[in-house]
Every structure is written in structure tokens, then in C-alpha cells.
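We use all heavy atoms of the structure for the numbers below, so side chains are in, but hydrogens, waters and symmetry mates are not.
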Amino acid sequence: MDKSRKIIAVLAFVVFCTFTGFTLYKWMRFGTIDGGSIFFSFLALSYFFNWLNWGSHDGRGEKDELDRHIETQSAKIGYFVLMILAGIILFISEGVSNLNDIKNYPLLIVVGLTFVTLPVTEFIYSRKFK
């Protein structure tokens, strides 16, 4: 990794730490949770990891066969991890174990959509080759 890539990666990590620290400070000091800070913390973290992995914030550029394989496999694994985490967050935030007791319908719909997104996408994409 050349010097400019290291500097940009460090800056992205510092931005992530700044947003996270600000969010934690507001939560500890004032008892409020700032949704914007949480969102931008995750955005900065994704920028940091894309920069570390691909040398670009959006992950674009010349990729060989191994890079494409890594990208494909990590996308599929990431999808399943996100599906599991969404389900866990749903049950923890609602504090229930029975689906009939859940009152946060938008989050329930998002969790349900995580189950159908991959099959529907694969179906649509496979139609392109048939």
C-alpha cells in the first residue's frame, strides 16, 4: 500500500471514530441517540473497508478473476449475515419471541424482504441467460 492510500485509509478511520465517538458522547451525556451520526458512522466504516480492500471508496476498478470471486462470495455471505442480524434486531427491539406480538410492522416487513431479495434477484438475473 503506497503512502497516499495509507493516509486516506487512516483519515477514513478517523472520520469513523469521530462520528462514533460523537454518537456515544451524545448518548452518554444527554441520553439521546442521533440517527444521522449512526448512519454516517456506518458509511465511514464502509468507506474505510472498501479503501483497504480495493484502494477505492466505491470498490470499482480493474479486477481479476480472484477479485471478482471474492466480491461475489462476500456479497452472498454478507446478504445472509444481514438477514440474520435483521431478524435478531427485530426480536431484540420488540422484546418478544412470538411473531404475533410484534408491533413494529415496518421492521417486520424489512426482515421479511431479506428472505425474498436473493431468490427474486437470482430469478430475474437467470432469466437474462435463458
Given side-chain contact (heavy atoms from CB on, under 4.5 Å), test Thr117 with Met83 step by step and report yes or no. CA-CA 10 Å; Thr117 301; Met83 181 173 41; over 6 Å; no
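Tracing side-chain contacts under 4.5 Å through hydrophobic residues (I, L, V, M, F, W, Y), one never reaches Phe49 starting from Ile77; they form parts of separate clusters. Note on Phe30: it does not cluster hydrophobically with Trp27, by side-chain heavy-atom contacts below 4.5 Å among ILVMFWY residues. A continuous path of ILVMFWY side-chain contacts below 4.5 Å connects Tyr105 to Phe115, so both sit in one hydrophobic cluster.
The two residues Val15 and Ala44 have their closest heavy-atom pair at CG1-CB, 3.9 Å. Smallest separation of non-hydrogen atoms from Arg127 and Phe123: CG-O, 3.0 Å. Between Leu90 and Asn104 the shortest heavy-atom distance is CD1-O, 4.5 Å.
Every pair passing side chain to side chain donor-acceptor pair (under 3.5 Å) that includes a residue from residues 29-39 is listed here, sequence neighbours excluded: Asp34-Ser37. Legend: salt bridge (charged side-chain N to carboxylate O under 4.0 Å, His left out) pairs involving residues 96-111, not counting sequence neighbours: none detected.
To the nearest 0.5 Å, atoms OH (Tyr79) and CD1 (Ile84) are separated by 10.5 Å. In this structure, CD1 on Ile102 lies 6.0 Å from CD on Glu94, to the nearest 0.5 angstrom. Here the CG atom belonging to Leu24 is positioned 10.0 Å from the CD1 atom belonging to Ile33, to the nearest 0.5 angstrom. Separation of atoms CG (Leu45) and CZ (Phe19) is listed at 12.5 Å; rounding is to 0.5 Å. Of the inter-residue distances, the one linking Tyr47 atom OH with Leu11 atom CG reads 9.0 Å to the nearest 0.5 angstrom. For the atom pair Ile109 CD1 and Thr114 OG1, the distance stands at 12.5 Å (nearest 0.5 Å).
Between Phe48 and Phe13, the two ring planes are tilted [angle within 30° to 60°].
In the displayed structure, Phe91 atom CZ is contacted under 6.0 Å by more than 12 heavy atoms of other residues, nucleotides or ligands. By the 6.0 Å contact criterion, CZ on Phe42 is open, its count of non-hydrogen atoms from other residues, nucleotides or ligands being 12 or less.
The shortest side-chain heavy-atom distance between Phe80 and Leu118 falls under the 4.5 Å cut-off.
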